[in-house]
Amino acid sequence: MLQQTQAERVIPKYEQFLKEFPNFSSLAQSPLSKVLRVWKGLGYNRRALYLKKTAKIVLERHGGKMPRKKESLLLLPGIGEATAGDILAFAWNIPSVVIETNIRSVFIHFFFLREQRVSDKEIAILVKETLPKKNVREWYYALMDYGAHLKEKENPSRQSAHHTKQSPFKGSNRQLRSALLQYILENTPVNTKKIFSVFSSHHKEQVKRNIEAMAKESLIRIKNGMCRI
């Protein structure tokens, strides 16, 4: 939930999500439409789909318990190197490399202050060398707090090779995609012709591409010209 989303927005949705889906079984068995309704407001809806798929896999392959090995975590939907490291460090206090914008800021400030285009590969070496054997979770909390303080003044993360400025949501394809999914969710099942009519202010081909992309990702289903979740 925290990926590219501010903590202030996440906290109430996190609490609601846990209330609705307190365990892997409740999440895996809930209709996708319910999961997406609870997720509404966070954006990047495929993350909600990944969570539901992950819950099912954890039940079927891991006895209902989240795996604690990186190799197993990487096989779960939507979990890459960074997220696997986050889970190990923050969920179980297992020493593992974690790099996010505030942690980058700390290491760039102390080790790469006069350099530009600093790669995460360079930073990861130092993160690994400075990892404590115990309380790694608290260590990262401290780094992130300090990094947030640094960014108020100088924002060293701008020197990162991975620094990007997120494009505005308003008027973007992300906004259109989100609106399409929400419309289908509220009107399922709905005829594709109706969708084109409702979103006639957008180019028909763009609307069609988004519908097809969501179907490919299993966010929606299309059959006989009808879209449903």
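Below, all heavy atoms of this structure are taken into account, side chains as well, without hydrogens, waters or symmetry copies.
- Shortest non-hydrogen contact noted between Leu113 and Gln159 is O-NE2, 3.1 Å.
- Counting heavy-atom neighbours within 6.0 Å of Tyr14 OH, excluding the residue itself, gives a total of 12 or less.
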TODO: Give the C-alpha distance, both sets of side-chain angles, the deciding distance and a yes or no for side-chain contact (heavy atoms from CB on, under 4.5 Å) between Glu81 and Lys70.
DONE: CA-CA 8 Å; Glu81 289 282 339; Lys70 186 176 182 179; 2.6 Å; yes

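- Judged purely by atom type and a 3.5 angstrom limit, Ser105 uses its side chain to pair as donor or acceptor with the backbone of Thr101.
- One side chain, Lys13 or Gln16, offers a donor N or O that lies under 3.5 Å from an acceptor on the other.
- The shortest heavy-atom contact between Tyr140 and Val98 is OH-N, 3.0 Å.
- For Glu20 and Ser30, the side-chain atoms include no donor-acceptor pair closer than 3.5 Å.
- Within 6.0 Å of NE2 in His162 there are more than 12 heavy atoms belonging to other residues, nucleotides or ligands.
- Taking both residues in full, the closest heavy atoms of Met214 and Ile184 are given as CE-CD1, 4.5 Å, listed atom of the first, atom of the second, then distance.
- Using modelled atom types, no side-chain atom of Arg177 and backbone atom of Ala213 make a donor-acceptor pair closer than 3.5 Å.
- In terms of modelled atom types and a separation under 3.5 Å, the side chain of Thr5 and the main chain of Gln3 share a donor-acceptor contact.
- Cluster membership for Leu18 and Leu27, using ILVMFWY side-chain heavy atoms within less than 4.5 angstrom, is shared.
- With Asn191 contributing its side chain and Lys193 its backbone, the two residues share a donor-acceptor pair below 3.5 Å.
- Taking OH of Tyr141 as the start and CG of Asn102 as the end, the distance is 14.0 Å to the nearest 0.5 Å.
- A donor-acceptor contact shorter than 3.5 Å links the side chain of Arg137 to the backbone of Phe90.
- The local environment of CD in Gln6 is sparse, with at most 12 non-hydrogen atoms from other residues, nucleotides or ligands closer than 6.0 Å.
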- [ ] Check the pair Ser26 / Asn23 against side-chain hydrogen bond (donor to acceptor under 3.5 Å, both in side chains), numbers first and verdict last.
- [x] CA-CA 6 Å; Ser26 60; Asn23 49 49; 3.0 Å; yes

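- Between the Ser33 side chain and the Ile229 main chain, no donor and acceptor come within less than 3.5 Å of each other.
- With hydrogens and angles ignored, the 3.5 Å screen pairs no side-chain donor or acceptor of Thr54 with any backbone N or O of Leu51.
- Screening Leu180, Leu185, Asn187 for a side chain to side chain contact (heavy atoms under 4.5 Å, CB included) with Tyr183, the sole residue that qualifies is Asn187.
- With hydrogens and angles ignored, the 3.5 Å screen pairs a side-chain donor or acceptor of Thr192 with a backbone N or O of Gly225.
- Taking OG of Ser119 as the start and CZ of Phe112 as the end, the distance is 7.5 Å to the nearest 0.5 Å.
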